[in-house]
Amino acid sequence: MPSTPLTQEQIVAIKTFINKRGFNTIEVEMEALDHMASKVEALLEEKPDMNFDLAITKAHASFGIYGLSTLAESIEGGLLQRFKTQFFKELLSYFNSSKIFIPIALAIIGYFLLTQYPANDRGMFLHSGFLIYGFLLAVIPYAIFRKQMKRWEKRSSFAKMSTYGLYITQFFFGQGFGVITQMLYEKESVPFPYVFIAGFVLTSLTVFINYDLMKWGIATVNEKWAKYMPEVAV
């Protein structure tokens with residue numbers, strides 16, 4: 001005999017139970033709701049006269065001593081891995097497709113900037129220049145999508161993760177290449193001009209990559225999860 005599906009009120013009760021335990025991001029909430037609802041249905045099918053609140057408690061207990069925390073960590077880890085994969089996919093797309101003309105153009109601009117570098121500078125301009133440049137490039141995509149992102153606030157882990165590229169731009173590319181190029185310049189190292197151009201190209205590309213990532217993150221959230229929360233769909 002097929003199990004009786006849960007009513008809308010029962011689903012809301014399970015959702016409230018999940019939220020009270022601190023799982024409020026839509027991705028974790030929906031996955032946990034699916035797992036919890038399935039377990040509650042199985043328990044009620046086995047014992048139709050079981051109290052519904054008791055069924056919820058038993059379903060939660062079936063996840064073990066850590067309850068839904070293990071499931072939440074697994075979901076968050078999967079989302080982060082998905083983001084990392086997409087980041088490198090976007091990065092590689094600028095070297096294995098027609099987009100390659102963008103890094104080529106950036107390399108030419110980088111070479112021009114290198115020829116204009118003041119001969120009497122001790123390398124400080126390299127450090128501060130990359131840092132400021134990285135910061136400015138990180139701001140552009142965020143400014144474009146700020147309103148959409150703000151609507152989700154803390155409700156979507158995935159939408160939030162799509163902004164991680166901004167930190168990569170600022171700290172890894174901007175600050176990282178600033179420190180490396182300054183060090184190479186001070187030592188009059190042969191690889192300096194190549195590292196400078198490569199650093200300029202990669203740092204510049206992040207503005208396109210971050211834009212693509214944030215656009216992809218918002219689209220993914222809307223497609224997969226926003227149907228459960230149309231009031232905050234971006």
Side-chain angles (χ1 to χ4, degrees), residues 3-46 50-90 138 141-142 144-168 171 209-234:
S3 60
T4 303
L6 299 176
T7 65
Q8 186 62 37
E9 291 75 14
Q10 289 173 323
I11 292 175
V12 171
I14 297 174
K15 183 178 176 181
T16 301
F17 179 90
I18 293 169
N19 292 155
K20 284 182 177 179
R21 275 147 186 80
F23 305 108
N24 297 309
T25 61
I26 190 172
E27 299 87 354
V28 173
E29 182 182 284
M30 290 301 109
E31 291 292 337
L33 180 60
D34 181 58
H35 283 71
M36 284 284 290
S38 297
K39 290 181 180 294
V40 169
E41 280 185 349
L43 288 168
L44 293 178
E45 181 182 9
E46 183 180 344
M50 181 182 290
N51 178 274
F52 183 71
D53 290 336
L54 177 59
I56 293 179
T57 302
K58 284 183 172 292
H60 182 250
S62 68
F63 285 96
I65 189 172
Y66 296 108
L68 294 171
S69 297
T70 302
L71 175 64
E73 290 176 4
S74 175
I75 294 169
E76 295 282 358
L79 293 175
L80 183 58
Q81 184 57 47
R82 189 174 177 185
F83 164 78
K84 290 178 180 178
T85 300
Q86 187 67 21
F87 177 85
F88 287 107
K89 180 180 177 181
E90 295 289 351
Y142 181 78
I144 295 173
F145 292 107
R146 182 177 60 85
K147 288 184 178 180
Q148 294 97 314
M149 288 295 180
K150 192 174 181 180
R151 292 179 67 179
W152 279 101
E153 295 181 344
K154 297 180 180 180
R155 290 295 281 146
S156 172
S157 294
F158 202 66
K160 186 177 180 180
M161 284 178 187
S162 65
T163 66
Y164 285 1
L166 305 182
Y167 300 101
I168 295 174
F171 296 106
I209 296 171
N210 289 334
Y211 174 85
D212 292 338
L213 278 176
M214 296 179 78
K215 185 177 179 181
W216 167 76
I218 291 173
T220 302
V221 171
N222 277 330
E223 177 185 348
K224 188 171 178 62
W225 295 291
K227 57 186 176 182
Y228 301 107
M229 293 179 60
E231 72 275 10
V232 292
V234 288

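These values consider heavy atoms only, across backbone and side chains, with no hydrogens, waters or symmetry-generated copies.
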Would you compute the distance between atom [atom1] of [X] and atom [atom2] of [Y] and round it to the nearest 0.5 angstrom?
{"X": "L33", "Y": "I11", "atom1": "CG", "atom2": "CD1", "result": "6.5 Å"}
{"X": "T16", "Y": "R21", "atom1": "OG1", "atom2": "CZ", "result": "11.0 Å"}
{"X": "E29", "Y": "I75", "atom1": "CD", "atom2": "CD1", "result": "11.0 Å"}
{"X": "N19", "Y": "I14", "atom1": "CG", "atom2": "CD1", "result": "12.0 Å"}

Residues forming a side chain to side chain contact (heavy atoms under 4.5 Å, CB included) with [X], sequence neighbours excluded:
{"X": "T85", "result": "Q81"}
{"X": "H35", "result": "E31, F63, L71"}
{"X": "T70", "result": "Y66"}
{"X": "A72", "result": "F23, V28"}

Could you check M36 against K15 for side-chain contact (heavy atoms from CB on, under 4.5 Å), going step by step and ending with a plain yes or no? CA-CA 9 Å; M36 284 284 290; K15 183 178 176 181; over 6 Å; no

Would I209 and F88 satisfy side-chain contact (heavy atoms from CB on, under 4.5 Å), going step by step from the backbone distance to the final call? CA-CA 9 Å; I209 296 171; F88 287 107; over 6 Å; no

So, using side-chain hydrogen bond (donor to acceptor under 3.5 Å, both in side chains) as the criterion, who are the partners of E76 when residues are at least two apart?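 Applying side-chain hydrogen bond (donor to acceptor under 3.5 Å, both in side chains) to E76 gives S157.
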
Please name the pair of heavy atoms, one in [X] and one in [Y], separated by the smallest distance, quoted to 0.1 Å.
{"X": "K39", "Y": "S62", "result": "CD-OG, 3.0 Å"}
{"X": "A55", "Y": "L43", "result": "O-CD1, 3.4 Å"}
{"X": "Q10", "Y": "L6", "result": "OE1-CA, 3.3 Å"}
{"X": "N210", "Y": "P141", "result": "CB-CG, 3.7 Å"}

Under the side-chain contact (heavy atoms from CB on, under 4.5 Å) criterion, do D34 and M30 qualify, and how do the steps go? CA-CA 6 Å; D34 181 58; M30 290 301 109; over 6 Å; no

Pairwise side-chain contact, D53 with F17, heavy-atom cut-off 4.5 Å (strictly under):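 No, every pair of side-chain atoms sits at 4.5 Å or beyond.
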
Show which side-chain atoms of residues 211-218 pair as donor or acceptor with protein atoms under 3.5 Å away, not counting sequence neighbours.
| residue | atom | partner | partner atom | Å |
| --- | --- | --- | --- | --- |
| D212 | OD2 | Y94 | OH | 3.1 |

